[in-house]
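Below is one structure, written out as structure tokens; comments come after it.
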Amino acid sequence: MQVKPLTACVSLLAGMLLTLPGTTAQAVSAPHEALSAAALYVSPNGTDSAAGTQSAPTTLTSAIARITPGGTIYLRGGTYRYSQTVTIPQGADGTSGDRTELTAYPGETPVLNFAAQSESPSNRGLAVNGSYWHVKGIVVERAGDNGIFVGGSDNVFERTVTRFNRDTGLQLSRMASDTPRDRWPSNNLILSVESHDNADSDGEDADGFAAKLTSGPGNVFRYAVSHNNIDDGWDLYTKPDTGAIGAVTIEDSLAYENGTLSDGTQNSSGDRNGYKLGGEDIKVNHVVRRSIAYDNGKHGFTYNRNPGSMTVSDNVSIDNAERNFSFDAGTSVFRGNVSCRDDDGSNDKTVGDADGSNQFWTGSNGSRCSAYAGALGWSFAADGRLVVTFGGNQVTP
């Protein structure tokens with residue numbers, strides 16, 4: 001199978017009604033002239049001291065400092081160039097009933113470009129250390145480390161694109177080495193987003209998405225697409241000195257061609273999995289459901305030494321370089337999964353509770369594989385759902 005190059009349709013629709021966990025339904029109406037810090041407008045040519053109205057836009061850093069909890073920052077389209085991290089600081093929070101909004105102006109695409117940064121762990125792009133924010137419709141690119149770093153909790157990231165960053169595109173981890181476990185980032189929703197072509201110079205760390213090392217419970221990735229990153233599509237790695245992370249849910253998502261950048265670049269140091277679900281023999285009971293792994297450079301779905309009891313259900317894994325499903329230990333529960341190949345490859349390994357509802361690959365394809373023939377395509381529907389096609393035919397895992 002060959003992947004047909006596609007551009008995800010990421011459109012922002014004025015007036016679209018969307019209800020998210022922990023929010024009330026709100027219509028995105030046409031912005032109005034703001035006279036207070038409840039709504040501020042930002043543009044690439046804005047100034048710190050400007051009023052923050054449509055006719056006198058301010059800067060993003062000034063707007064973050066001035067916005068009231070539950071207010072809205074509208075980013076006009078264009079390229080914003082930064083050499084330092086843009087930070088939403090800890091304590092600059094919205095509320096559980098009214099998140100603070102950082103959103104693209106309807107119909108426009110703001111691009112936060114950090115190409116002036118050198119590659120360094122301290123050179124992140126957008127760092128969201130506050131809680132109860134809703135970040136929507138922005139592109140973050142070419143940061144010296146993570147494109148979007150999430151240290152806060154109860155945030156929503158919607159319709160964002162993270163690309164060409166020199167570490168993971170969007171990562172959830174603690175803010176600092178002394179951040180206590182009960183302040184690790186928790187209950188964040190990553191929704192209808194794309195992350196691609198993130199690559200560090202060593203080729204070992206830059207994933208599409210990561211909730212690893214020091215992330216708390218309740219984080220959810222939904223309708224997310226990770227492709228052509230130098231390392232993994234998703235990385236949920238754990239290690240002994242920090243212990244288990246919180247359980248993560250990945251659902252209705254897609255990982256393809258990770259381990260190979262869009263220009264064909266590869267690095268043998270990378271792990272190159274679609275969904276890497278653990279590390280170092282630490283048990284975490286993640287949930288991965290209704291998701292697709294296609295043509296990744298190693299395994300499609302791998303336990304990566306997580307011997308926990310994960311829920312792995314209704315996923316599809318196709319033509320990954322080694323195993324489509326690779327689980328060598330643990331008590332995970334497998335239901336309704338499908339594994340397919342166009343040619344020879346390694347047999348699937350699923351230690352745990354796997355019943356006859358699964359169709360794994362052990363040398364030949366089963367009847368369900370006919371639905372997954374032809375070129376891969378994908379887009380986001382108007383309501384944010386991920387639509388995946390094979391050979392032009394829409395499929396569901």
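Keep in mind that this is a model prediction, so the values were computed, not measured.
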[Y] side chain reached by [X] side chain, heavy atoms, under 4.5 Å:
| X | Y | value |
| --- | --- | --- |
| His299 | Ser346 | no |
| Ile190 | Val150 | no |
| Val338 | Tyr372 | yes |
| Asn306 | Val284 | yes |
| Gln394 | Thr389 | yes |
| Leu102 | Leu75 | yes |
| Ser313 | Val287 | no |
| Val248 | Leu172 | no |

Check for a donor-acceptor pair, side chain of [X] on one end and backbone N or O of [Y] on the other, with a separation under 3.5 Å.
| X | Y | result |
| --- | --- | --- |
| Asn188 | Gly152 | yes |
| Asp167 | Pro121 | no |
| Arg142 | Phe114 | no |
| Arg81 | Ala115 | no |
| Ser153 | Asn187 | no |

Could you walk me through whether Asp200 and Asp231 pass side-chain contact (heavy atoms from CB on, under 4.5 Å), step by step? CA-CA 9 Å; Asp200 58 311; Asp231 197 32; 5.6 Å; no
Polar contact flag, side-chain donor to acceptor under 3.5 angstrom, [X]-[Y]:
| X | Y | value |
| --- | --- | --- |
| Asn304 | Thr302 | no |
| Ser120 | Ser122 | yes |
| Thr162 | Ser195 | yes |
| Asp145 | Asn123 | no |
| Ser173 | Gln171 | yes |
| Thr242 | Arg174 | no |
| Asp232 | Asn273 | yes |
| Thr79 | Asn113 | no |
| Asn358 | Asn337 | yes |
| Asn320 | Asn296 | yes |

So, are [X] and [Y] salt-bridged, with charged N and O less than 4.0 Å apart?
| X | Y | result |
| --- | --- | --- |
| Glu251 | Arg290 | yes |
| Asp235 | Lys276 | yes |
| Asp348 | Arg323 | no |
| Arg76 | Glu108 | yes |
| Lys349 | Asp328 | yes |
| Asp154 | Arg99 | no |

(request) Start with the C-alpha distance between Thr160 and Val140, add both sets of side-chain angles, then the distance that settles side-chain contact (heavy atoms from CB on, under 4.5 Å), and finish with yes or no. (result) CA-CA 8 Å; Thr160 61; Val140 183; over 6 Å; no
Taking all atoms of both residues into account, what is the closest heavy-atom pair of [X] and [Y], and its distance?
| X | Y | result |
| --- | --- | --- |
| Arg124 | Thr85 | O-OG1, 2.7 Å |
| Ser253 | Tyr223 | OG-N, 3.5 Å |
| Thr179 | Trp184 | O-NE1, 3.4 Å |
| Thr59 | Gly46 | CG2-O, 3.4 Å |
| Ser317 | Asn324 | OG-O, 2.9 Å |
| Gly216 | Ser186 | CA-OG, 3.4 Å |

| request: Might you work through the side-chain contact (heavy atoms from CB on, under 4.5 Å) test for Val42 and Ile73, ending with a clear yes or no? | output: CA-CA 7 Å; Val42 172; Ile73 299 172; 3.7 Å; yes
About how many Å separate [atom2] of [Y] and [atom1] of [X], when rounded to the nearest 0.5 Å?
| X | Y | atom1 | atom2 | result |
| --- | --- | --- | --- | --- |
| His134 | Leu189 | NE2 | CG | 8.5 Å |
| Thr396 | Asp314 | OG1 | CG | 9.0 Å |
| Ile250 | Arg222 | CD1 | CZ | 12.5 Å |
| Ile292 | Asn315 | CD1 | CG | 9.0 Å |
| Leu254 | Ser291 | CG | OG | 8.5 Å |
| Glu257 | Ser226 | CD | OG | 11.5 Å |

message: Atom CZ of residue position Arg385 - does it have more than 12 heavy atoms of other residues, nucleotides or ligands inside 6.0 Å?
response: no
Geometric class of the [Y]/[X] ring pair [parallel <30°, tilted 30-60°, perpendicular >60°]:
| X | Y | result |
| --- | --- | --- |
| Tyr41 | Tyr74 | parallel |
| Phe325 | Phe360 | perpendicular |
| Tyr82 | Tyr80 | parallel |
| Phe301 | Tyr275 | parallel |

Hydrophobic cluster membership, with links at side-chain heavy-atom distances under 4.5 Å among I/L/V/M/F/W/Y: are [X] and [Y] in one?
| X | Y | result |
| --- | --- | --- |
| Leu170 | Ile230 | no |
| Ile88 | Tyr132 | no |
| Leu191 | Trp378 | yes |
| Phe380 | Phe390 | yes |
| Phe327 | Tyr237 | no |

Exercise for review: Apply salt bridge (charged side-chain N to carboxylate O under 4.0 Å, His left out) to Glu141 and Arg163, showing your working.
Suggested key: CA-CA 5 Å; Glu141 64 180 16; Arg163 65 191 186 193; 2.8 Å; yes
- [ ] Evaluate side-chain contact (heavy atoms from CB on, under 4.5 Å) for Ile67 paired with Thr100, printing each intermediate quantity in order.
- [x] CA-CA 8 Å; Ile67 195 69; Thr100 303; 4.1 Å; yes
Subject >> Pairs flagged by ring pair (Phe, Tyr, Trp, His ring centres under 6.0 Å) wherever residues 140-167 is involved - sequence neighbours left out >> reply: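 Of all non-adjacent pairs touching residues 140-167, those that pass ring pair (Phe, Tyr, Trp, His ring centres under 6.0 Å) are Phe164-His196.
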Item checked: Derivation of the side chain to side chain donor-acceptor pair (under 3.5 Å) call for Asn228 and Asp197 -> CA-CA 5 Å; Asn228 297 108; Asp197 288 285; 5.6 Å; no
